[in-house]
Asker: 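To start, I am sharing the structure in question, which I have written as structure tokens.
Side-chain atoms are counted along with the backbone in the values below, which use heavy atoms only and exclude waters and symmetry mates. We name chains A, B, ... by the order of the sequence lines, and we start the count at 1 in each one.
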Amino acid sequence: MPAPKKDQLIPFYREMLLARRFEERTGQLYVQQKFNGFCHLYIGQEAVSTGCLNAIRKGEDHVISAYRDHVQPMVLGMTPREVMAELLGKSTGCVKGKGGSMHMFSKDLRYYGGHGIVGGQVPLATGIGFKIKYKKEDNVVLCFLGDAAINQGQFHEALNMAAVWKLPCLFIIENNLYGMGTAINRTCALENLADRAKGYAMRGETVDGRDVVKTYTKMTELVEWVRKTSEPVLIDMQTYRLRGHSMSDPGHYRTKEEVTKERERDCLVLLQDVILSKKLATESDFEHWDEETMEVVEDAITFAEESPEPDASEIWTDVFVDEN
Amino acid sequence: MPELSLREALNEALSEEMERDEDIFVMGEEVAEYNGAYKVTKGMLDRFGPERMIDSPISEAGFAGLGVGAAMAGLRPVIEMMTWNFAVQAFDQIINHAAKMLYMSGGQFNVPMVIRGPNGAARGLGAQHSQCLEHMLTNCPGLKIISTVIPADAKGLMKSAIRDNNPVLFLESEMLYGFKGEVPEGEHIIPIGKGDIKREGTDVTVISWNKALLQTLDAAASLAAEDGINVEVIDPRTLMPLDEELIFESVRKTNRLVVVEEGWGVSSFGCYITDRVTTECFDDLDAPPARVSNLFVPMPFNVTLEKEVLPTESRIKEAVKKVLYKD
Ligand SMILES: Cc1ncc(C[n+]2csc(CCOP(=O)(O)OP(=O)(O)O)c2C)c(N)n1
Ligand SMILES: [Mg+2]
């Protein structure tokens, strides 16, 4: 299996650290009412985006996701400035202030959004897979979805079609154990979510999504398998969200002890331990990276805050293409 | 000019476009091996092969969504809904995804997709199979909506719909797939958003489309013959965007408006047309506009009752006489 090389571990860490600090500051800005709407933080799940998105050909392979989407575009190459400006609804945001927290997009990065209807993006991924096969390209599509999205009818329809027509799709369940306040074992009778794949005669895999080394290693294998076979795969990517579902979540559905225990398996801590035990860096390196990261995040915030609001004329653009 | 049925005209448009552009594919239930539930795609599997003519599972939301994703990625899907009633299953994809993708992505991802199929009541199919869905869909910004049964219009508009870079919904009629008319050969294009005067007149403007248009034309002929009333009949052909100017001009001439629509007249597209006319042509109107639509009940199975629930020629004539104060 193609494990990450030693010199990849530090970039992985720094990417995950950026995600973490970015989201922590985003949460603070939200509490300070610097922006509106919903705000779903990615804190705790950083190893999933880093492990998965470094396993693909960035900018060539296709990626689509749900609304917990601040971090994935940055891993693909979007600047923190563009994401932060979008969160604040500014004209310099990645979609000019028309999408907000839940709707980040980048055609250049082949990032297809940022979708707010639970499970609604899954058939879209099947469609992107259909296009890849139709045009005989050797790309794949990564579709991220929440654990609760697997109970949507559209999920079933989309996976069935991907399996029947052998489309190069990787359906990645970011299994953080909860859909809002409802534990997945209260809404899905299966213990092993990857077993859903059996119903479609599809390959199913379970991955420890808190361990970025394991995630990257397994995903590299699966991405190349899908590329070669043009067959889909369903992945139960086991992770945990350390914050509330959204910023308005009081968190009564899980105990403080559970969250405290999960913090011990925080993906950033796990990776830091690996780096230290391999003596790839020292404690002071970590401190230094943290400072640098905070500078990047603060720069993004300043940029976003100083950016202009969209012009009122933007209301009428992008309703239809080729018009206005 | 050759005479073609509505189904043949649609088939010709689809086939000519698929010949022209390899990125176009057709997907839906029974579209390929079975030649289409209503034979609109007859012969197209043989002509274009199974890569481009695709029989789908019965998964309306799924394959509508597949179409959205494929269109975002650069293909030009034509998705057949066996009937629009079943497209209700796909409303999430039509309303929440197709219609909003361009806007939500700040202009980055457009959705060049057509969703087409028969709309409205057939004959005795009961409550779940006899609905007109345009009234719900015209309420959603980001969609273009065409509704027509005239073979030449259907061909010209289908070609425009396929070439359009936005999501276009195309509403046909099961009862009228065999309805014939002259259809120009080859490159016959009708622009989206242009209505058509189907009968010139001076006394009353009647707006109608799809199957109800034919009833309206019959009513107009009989009103002319029996009552000497000269009705102008306008077929918008495209509901979104609506050719408002054509309608306003006609109302400014006749000073009277009737809208005849199949489907339920509560919060309907007819309400929108009368609203636009009363707002823009208030001073031109000599009578309050009248509307004819389905009676506000689920569709009964019994054909005699069904006929009564749908717009009838006699209700159309009554409405015309009412706005002329001849009732
Ligand atoms: C169709 C639909 N129903 C309900 C909601 C409201 N909602 C938003 S997120 C969510 C929970 C989804 O949980 P999951 O899929 O596990 O993703 P996670 O938030 O854990 O990342 C719900 C019910 C929605 N957005 N869409
Ligand atoms: Mg979840």
Side-chain angles (χ1 to χ4, degrees), chain A residues 62 64 86 91 93-100 102-108 110-117 119-135 141 143 152-162 164-165 167 310 314 317-324, chain B residues 22-25 27 50-52 54-77 79 89-90 92-93 95-113 141-144 163-168 192-193 240-241:
Chain A
H62 308 254
I64 189 165
E86 190 54 42
S91 62
C94 64
V95 295
K96 306 187 289 185
K98 284 181 164 172
M102 297 188 286
H103 306 304
M104 306 286 172
F105 287 80
S106 168
K107 196 164 189 173
D108 287 343
R110 296 201 168 168
Y111 187 69
Y112 287 70
H115 295 274
I117 305 297
Q121 81 278 21
V122 187
L124 271 55
T126 301
I128 298 163
F130 181 89
K131 181 262 181 178
I132 295 168
K133 185 154 188 182
Y134 191 90
K135 296 294 247 182
V141 53
C143 177
Q152 274 285 9
Q154 297 197 45
F155 168 86
H156 159 69
E157 298 186 7
L159 266 72
N160 181 52
M161 291 188 295
V164 164
W165 295 325
L167 304 178
E314 276 290 335
T317 64
D318 308 322
V319 181
F320 293 111
V321 73
D322 298 338
E323 279 162 38
N324 307 308
Chain B
E22 293 210 332
D23 286 345
I24 301 166
F25 69 93
M27 178 177 284
E51 284 80 29
R52 300 182 67 195
I54 299 135
D55 283 325
S56 72
I58 304 170
S59 303
E60 283 78 7
F63 63 76
L66 185 152
V68 175
M72 288 171 79
L75 295 182
R76 306 188 79 85
I79 302 294
Q89 294 261 355
D92 175 51
Q93 283 301 333
I95 295 172
N96 282 326
H97 296 83
K100 293 166 175 60
M101 204 59 69
L102 183 73
Y103 202 80
M104 240 169 30
S105 68
Q108 294 184 65
F109 285 97
N110 63 310
V111 179
M113 170 171 74
L143 300 172
K144 296 190 181 182
R163 293 180 195 189
D164 201 282
N165 287 320
N166 299 285
V168 182
I192 293 174
M240 274 294 154

Asker: What closest approach, in Å, do B:Phe109 and A:Lys107 show between heavy atoms, and which atom pair accounts for it?
Answerer: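 Heavy atoms of B:Phe109 and A:Lys107 come nearest at CZ-CA, 3.5 Å.
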Asker: At a 4.5 Å cut-off on heavy atoms, which part of A:His115 comes close to chain B: side chain, backbone, both, or neither?
Answerer: side chain
Asker: Just wondering, do A:Trp165 and B:Pro57 contact through their side chains at under 4.5 Å, heavy atoms?
Answerer: yes
Asker: Hey, does A:Lys131 have a side-chain heavy atom less than 4.5 Å from the side chain of B:Asp23?
Answerer: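 Result no, sub-4.5 Å side-chain heavy-atom pair not found.
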Asker: Say you draw a straight line from CD of A:Glu157 to CD1 of B:Ile58; how long is it, rounded to the nearest 0.5 Å?
Answerer: 10.5 Å
Asker: Using heavy-atom distances under 4.5 Å, tell me whether B:Asn165 contacts chain A through its side chain, its backbone, both, or neither.
Answerer: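 Both backbone and side chain of B:Asn165 come within 4.5 Å of chain A.
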Asker: Pick one of side chain, backbone, both or neither for A:Tyr134, based on which atoms fall under 4.5 Å of a heavy atom in chain B.
Answerer: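 Side chain only.
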Asker: For chain A, find which of B:Ala61, B:Ala99, B:Gly74 contributes the most heavy-atom pairs closer than 4.5 angstrom.
Answerer: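 Of B:Ala61, B:Ala99, B:Gly74, B:Ala61 has the most heavy-atom pairs under 4.5 Å with chain A.
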Asker: Is it the side chain or the backbone of B:Leu143 that comes within 4.5 Å of chain A heavy atoms, both, or neither?
Answerer: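 Answer is backbone: N, CA, C or O of B:Leu143 sit under 4.5 Å from chain A.
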Asker: Of all of A:Ser106, A:Ala158, A:Pro310, A:Gly116, which one pairs up most often with chain B through heavy atoms under 4.5 Å apart?
Answerer: A:Ser106
Asker: Under a 4.5 Å cutoff for heavy-atom pairs, which residue among A:Gly97, A:Gly120, A:Gly93, A:Gly153 has the most contacts with chain B?
Answerer: A:Gly120
Asker: Which value, rounded to the nearest 0.5 Å, describes the distance between A:Gln154 atom CD and B:Glu60 atom CD?
Answerer: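 Those atoms lie 11.5 Å apart.
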Asker: Which atoms of B:Lys100 are under 4.5 Å from chain A, going by heavy atoms: the side chain, the backbone, both sets, or neither?
Answerer: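 Neither part.
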Asker: With rounding to the nearest 0.5 Å, note down the distance linking CD in A:Glu314 to OH in B:Tyr103.
Answerer: 7.5 Å
Asker: Can you tell me how far the OH atom of A:Tyr112 sits from the CE atom of B:Met72, to the nearest 0.5 Å?
Answerer: 7.0 Å
Asker: Examine distances only and state if a side-chain atom of A:Asp318 and a backbone atom of B:Leu102 form a donor-acceptor pair shorter than 3.5 Å.
Answerer: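 Checked: no pair found.
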Asker: Among B:Gln89, B:Glu22, B:Lys144, single out the residue with the greatest number of heavy-atom pairs under 4.5 Å to chain A.
Answerer: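 The answer is B:Lys144.
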Asker: To the nearest 0.5 Å, what is the distance between OH (A:Tyr111) and CD (B:Gln108)?
Answerer: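 The distance works out to 12.0 Å.
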Asker: Only counting residues at least two apart or in another chain, list the ones meeting ring-ring contact (aromatic ring centres under 6.0 Å, His included) with A:His103.
Answerer: none
Asker: Identify which part of A:Glu86 has an atom lying under 4.5 Å from any heavy atom of chain B, answering side chain, backbone, both or neither.
Answerer: neither
Asker: Report the C-alpha separation of A:Lys135 and B:Leu75 in whole Å, then their side-chain angles, then the decisive distance to 0.1 Å, and conclude whether the side chain to side chain contact (heavy atoms under 4.5 Å, CB included) test is met.
Answerer: CA-CA 9 Å; A:Lys135 296 294 247 182; B:Leu75 295 182; 4.1 Å; yes
Asker: Search all heavy atoms of A:Phe130 against all heavy atoms of B:Glu51 and return the closest pair with its distance.
Answerer: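 Closest approach of A:Phe130 to B:Glu51: CZ-O, 4.5 Å.
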Asker: Heavy-atom cut-off 4.5 Å, strictly under: side chain, backbone, both or neither for A:Lys133 against chain B?
Answerer: neither
Asker: Find the distance between CD (A:Gln152) and CG (B:Asp92) and round it off to the nearest 0.5 Å.
Answerer: 7.5 Å
Asker: Taking A:Pro123, A:Gly129, A:Gly113 one by one, which has the highest count of heavy-atom pairs under 4.5 Å against chain B?
Answerer: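 That would be A:Pro123.
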Asker: Could you tell me which of B:Gly107, B:Gly106, B:Pro141, B:Pro167 has the largest number of non-hydrogen atom pairs under 4.5 Å with chain A?
Answerer: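 Sorted descending by pairs with chain A, the first entry is B:Gly106.
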Asker: Using ring-ring contact (aromatic ring centres under 6.0 Å, His included) as the criterion, list what pairs up with A:Phe155, not counting sequence neighbours.
Answerer: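 Partners of A:Phe155 under the ring-ring contact (aromatic ring centres under 6.0 Å, His included) test: none.
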